[in-house]
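Inspection log for the structure reproduced underneath, given as structure tokens.
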Amino acid sequence: MNGDPLSHGLWEKTAPAAPPAPKLIVDVDCDVAIVGAGFTGLSAALHAAQAGATVAVLDGAEIGFGGSGRNVGLVNAGMWVMPDELPHVLGQKHGDALLKLLGAAPRAVFELIDRHKIACEPERSGTLHCAVGARGFAELKERERQWRARGAPVRLLDKAEAAAKIGTNAYAGALLDERAGTIQPLAYSRGLAAAAIAAGARIHASSPVLGCVADGDRWILRTPSGAARAKWVIVATNAYTVAPWGELRAELTHLPYFNFATVPLDDETRRTILPQRQGCWDTPQVLSSFRFDQAGRLVFGSVGALRGTGLSIHRAWARRALAKLFPQLAGVAFEAEWYGMIGMTSDHLPRFHRLARNIVSFNGYNGRGIAPGTVFGRCLADLALGAIGEADLPLPVAPPKTAPLRHAFEAFYEVGAQLAHFVDARA
Ligand SMILES: Cc1cc2nc3c(=O)[nH]c(=O)nc-3n(C[C@H](O)[C@H](O)[C@H](O)COP(=O)(O)OP(=O)(O)OC[C@H]3O[C@@H](n4cnc5c(N)ncnc54)[C@H](O)[C@@H]3O)c2cc1C
């Protein structure tokens with residue numbers, strides 16, 4: 001996007017065209033103005049417009065420009081942190097509510113896809129969290145215990161079962177989560193946008209919000225060539241936040257993550273890898289992920305930014321690591337490569353903010369944004385329309401807090417990932 005093949009890679013090559021989203025060149029009045037056209041903003045727009053509100057979405061770049069158009073496409077239930085951690089950190093009420101909402105969130109995504117006939121390659125065969133070594137297996141065993149205590153359909157596979165599902169002996173086991181699956185994320189973003197427009201929302205790309213001022217009981221959002229006046233403002237800019245809500249960006253530490261996509265594999269090779277098409281990621285801190293797209297390309301990713309020395313180091317690592325996992329892929333060509341920034345919070349949990357009267361935001365999804373962004377967007381629409389109150393949200397109101405030493409951590413993650421991949425003994 002914006003002429004950069006490293007921003008959205010394969011997803012830009014294979015997604016259906018975006019619906020028209022003309023730049024805002026006039027002043028508009030609406031009930032709800034939404035800043036950011038990713039999963040959160042577009043889901044909020046769709047649900048608010050469906051409920052009868054007038055809605056304008058403003059994005060500084062394009063539909064799906066942020067994390068929503070760049071990610072791996074794993075539609076996960078829950079967060080990175082262990083399920084029991086949520087009530088521990090958020091308190092029983094919010095912890096239980098968030099777990100319940102996020103546990104059902106993949107189903108909400110797939111139902112929206114079905115209802116609006118969104119062509120985004122949905123695969124509902126689950127995900128496999130793959131255990132590296134005894135430590136990884138012990139972590140997944142505990143994760144299984146905690147989810148099953150909450151009635152979730154997860155199942156720990158031993159080494160042999162995991163090998164049969166994945167097509168490699170590299171893992172000590174895997175946790176199968178039947179709630180989850182995969183999608184083509186940019187196609188899902190564009191499909192959500194088309195559904196929101198069909199429900200009556202206006203979407204304006206190339207329309208960065210530069211300022212926000214009060215006008216009686218309304219807010220005026222200024223862009224370079226037009227303004228939106230609204231009673232409610234939903235700020236859905238997350239890790240790609242550009243002013244005026246810089247505090248949202250400052251609350252997050254950016255973790256870079258890249259993907260390489262192989263050329264489509266031949267049928268025989270395809271049958272030997274992930275025969276049931278689950279999406280996968282593994283347990284180490286510098287994790288790896290892999291999944292198929294519909295045309296049979298294997299998308300393989302890990303932590304790191306494809307810029308400077310990172311491009312050649314991560315590319316060389318990806319070739320070695322892929323061939324080690326699946327020797328039949330030695331020498332396979334990559335058709336696309338891209339990366340993006342994941343917004344991490346200090347406790348790896350998302351935040352709900354009331355930035356001012358009637359200006360609200362969810363922020364910091366920690367690499368879990370497809371299903372959470374979709375249901376959080378729905379919550380924000382319900383809040384703006386008065387269908388629910390703040391007390392009904394799955395998170396408490398919290399003021400944005402600048403992440404200490406975030407620039408130092410960001411540099412550490414980027415350089416650390418290069419070092420890890422340079423010396424990775426596994427590859
Ligand atoms: C490489 C990568 C891999 C990931 N893998 C997964 C995965 O497999 N599964 C999963 O669930 N999640 C994953 N995530 C996380 C997920 O993609 C994000 O959490 C999610 O996309 C966030 O959606 P959002 O709508 O909140 O924000 P975004 O999609 O980031 O959208 C924010 C938008 O706001 C716009 N914007 C910013 N400032 C302004 C302004 N001032 N005016 C107007 N517009 C503005 C931006 O242009 C952008 O389009 C991954 C993320 C990355 C980067």
Side-chain angles (χ1 to χ4, degrees), residues 1-2 6-9 11 21 24 33-45 56-80 102 105-106 109 127 180-183 185-186 188-189 192-193 203-212 221-224 228 233-246 248-249 252 254-259 279-281 287 289-291 299 301-306 338-344 350 361-377 380:
M1 269 188 203
N2 287 353
L6 289 174
S7 68
H8 295 73
W11 306 139
L24 185 69
I34 296 169
V35 190
F39 304 135
T40 311
L42 295 168
S43 170
V57 181
L58 308 172
D59 198 286
E62 296 177 47
I63 292 162
F65 177 78
S68 300
R70 306 169 190 242
N71 62 67
V72 181
L74 303 172
V75 185
N76 288 304
M79 287 273 132
W80 285 111
L102 297 184
V109 169
T127 50
T182 61
I183 55 166
L186 182 60
Y188 177 55
S189 307
L192 276 181
I203 301 184
H204 301 282
S206 308
S207 304
V209 173
L210 305 173
C212 173
L221 302 181
R222 187 171 50 81
T223 76
V233 177
I234 290 174
V235 185
T237 52
N238 226 318
Y240 281 81
T241 298
V242 180
W245 292 282
L248 296 179
R249 169 67 185 94
L252 305 177
H254 272 177
L255 177 74
Y257 200 90
F258 63 78
N259 280 292
C280 299
W281 78 103
L287 75 158
S289 55
F290 48 97
R291 53 153 297 181
V299 176
S302 184
V303 178
L306 301 184
W338 70 102
Y339 75 105
M341 294 298 173
I342 294 177
M344 307 294 290
S361 178
F362 275 99
N363 196 41
Y365 297 170
N366 297 276
R368 287 292 175 94
I370 300 175
T374 302
V375 294
F376 288 157
L380 291 173

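Everything numeric in this text was worked out from a predicted model, so none of it was measured. Computation of the quantities below employed the complete heavy-atom set of this structure, encompassing side-chain atoms and omitting hydrogens, waters and symmetry-equivalent molecules. All ligand and atom numbering here is 1-based and tracks the order in the structure.
Note that OG1 of Thr237 and CG of Leu248 are 5.0 Å apart. Values are rounded to the nearest 0.5 Å. Between Ser7 atom OG and Leu306 atom CG the span is 11.5 Å, to the nearest 0.5 Å.
When the options Gly369, Pro106, Ala236, Pro208 are ranked by their closest heavy atom to atom 16 (C) of ligand 1, first place goes to Gly369. Remark: among candidates Gly60, Gly36, Gly67, the nearest residue to atom 30 (O) of ligand 1 is Gly67, based on non-hydrogen atoms. The residue from Leu74, Asn71, Leu221 that puts a heavy atom closest to atom 2 (C) of ligand 1 is Asn71. Counting heavy atoms only, Met341 comes closest to atom 53 (C) of ligand 1 of the residues His204, Arg70, Met341, Met79.
Contact annotation: for Leu58 versus ligand 1, heavy atoms closer than 4.0 Å belong to the backbone alone.
Taking only nitrogen or oxygen atoms, main chain and side chain alike, Phe39 reaches within less than 3.5 Å of ligand 1.
When the ring pair (Phe, Tyr, Trp, His ring centres under 6.0 Å) test is applied to Phe362, the partners found at least two apart in sequence or on another chain are Phe352, Phe376.
The nearest heavy-atom contact from the protein to atom 39 (C) of ligand 1 is Thr237 CG2, 3.6 Å.
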For residues 34-41, which side-chain N or O atoms pair as donor and acceptor with protein atoms under 3.5 Å away, sequence neighbours left out?
| from | atom 1 | to | atom 2 | distance (Å) |
| --- | --- | --- | --- | --- |
| Thr40 | OG1 | Tyr365 | OH | 2.9 |

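Using a 4.5 Å cut-off on side-chain heavy atoms (C-beta onward), Trp245 and Val233 make contact.
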